[in-house]
Amino acid sequence: PIVLNPNKKYIYLTWDDGPQPPGSTNCQRVFREQGVKATFFYVGMNAFDPLRKRIVDTVRNSYPQFLLANHS
């Protein structure tokens, strides 16, 4: 379970309609550098392209820093 600190404020980031190169990979890079967690909502049919599948696999393997969710 996720335990939230009541003394902190939280912002929830979600990214939609991916994976879209280079935007998705740029976001991942910046989030990693800044220590930001995010949820990426991807359109499942986009994952059939080899480049986009690599992006999906990167996000999937980055849990819990990044969460992969289905857009449609």
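Treat the numbers as computed from the prediction; the structure is a model and nothing was measured.
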- [ ] List in chain and number order the residues that pass salt bridge (Lys or Arg N to Asp or Glu O under 4.0 Å) with Arg54, two or more places apart in sequence or in another chain; answer none if no residue qualifies.
- [x] none

Task: Distance-only polar pair, side chains of Ser62 and Arg32, donor-acceptor under 3.5 Å - done: yes

Task: Members besides Leu67 in its Ile/Leu/Val/Met/Phe/Trp/Tyr cluster (side-chain heavy atoms under 4.5 Å) - done: Tyr63

Task: Asn5 backbone acceptor or donor facing Tyr10 side chain under 3.5 Å - done: yes

Open item on the list: Asp49: which residues meet the salt bridge (Lys or Arg N to Asp or Glu O under 4.0 Å) condition with it, sequence neighbours left out?
Closed with: none

- [ ] Name all residues meeting the salt bridge (Lys or Arg N to Asp or Glu O under 4.0 Å) criterion together with Arg29; count only those two or more places apart in sequence or in a different chain, and write none if there are none.
- [x] Glu33

Open item on the list: Give me each pair satisfying salt bridge (Lys or Arg N to Asp or Glu O under 4.0 Å) with a member in residues 36-46, each pair once, sequence neighbours excluded.
Closed with: none

Open item on the list: Going by salt bridge (Lys or Arg N to Asp or Glu O under 4.0 Å), name the residues that satisfy it together with Lys53, two or more places apart in sequence or in a different chain.
Closed with: Asp57

Task: Hydrophobic cluster identity match, Phe41 and Val36, side-chain contacts under 4.5 Å - done: no

Task: Non-neighbouring partners of Thr25 that pass side chain to side chain donor-acceptor pair (under 3.5 Å), sequence neighbours left out - done: none

- [ ] State, to 0.1 Å, how close Ile55 and Pro19 come at their nearest heavy-atom pair, and which atoms those are.
- [x] CG2-CB, 3.7 Å

Task: All side-chain contact (heavy atoms from CB on, under 4.5 Å) counterparts of Ile11, not counting sequence neighbours - done: Leu13

TODO: Name the orientation class of the two ring planes belonging to Phe31 and Phe40 (parallel below 30°, tilted from 30 to 60°, perpendicular beyond 60°).
DONE: tilted

Task: Listed partners of Lys9 passing side-chain contact (heavy atoms from CB on, under 4.5 Å), at least two apart - done: none

Task: side-chain contact (heavy atoms from CB on, under 4.5 Å) between Val56 and Tyr42, worked out - done: CA-CA 8 Å; Val56 168; Tyr42 283 172; 3.5 Å; yes

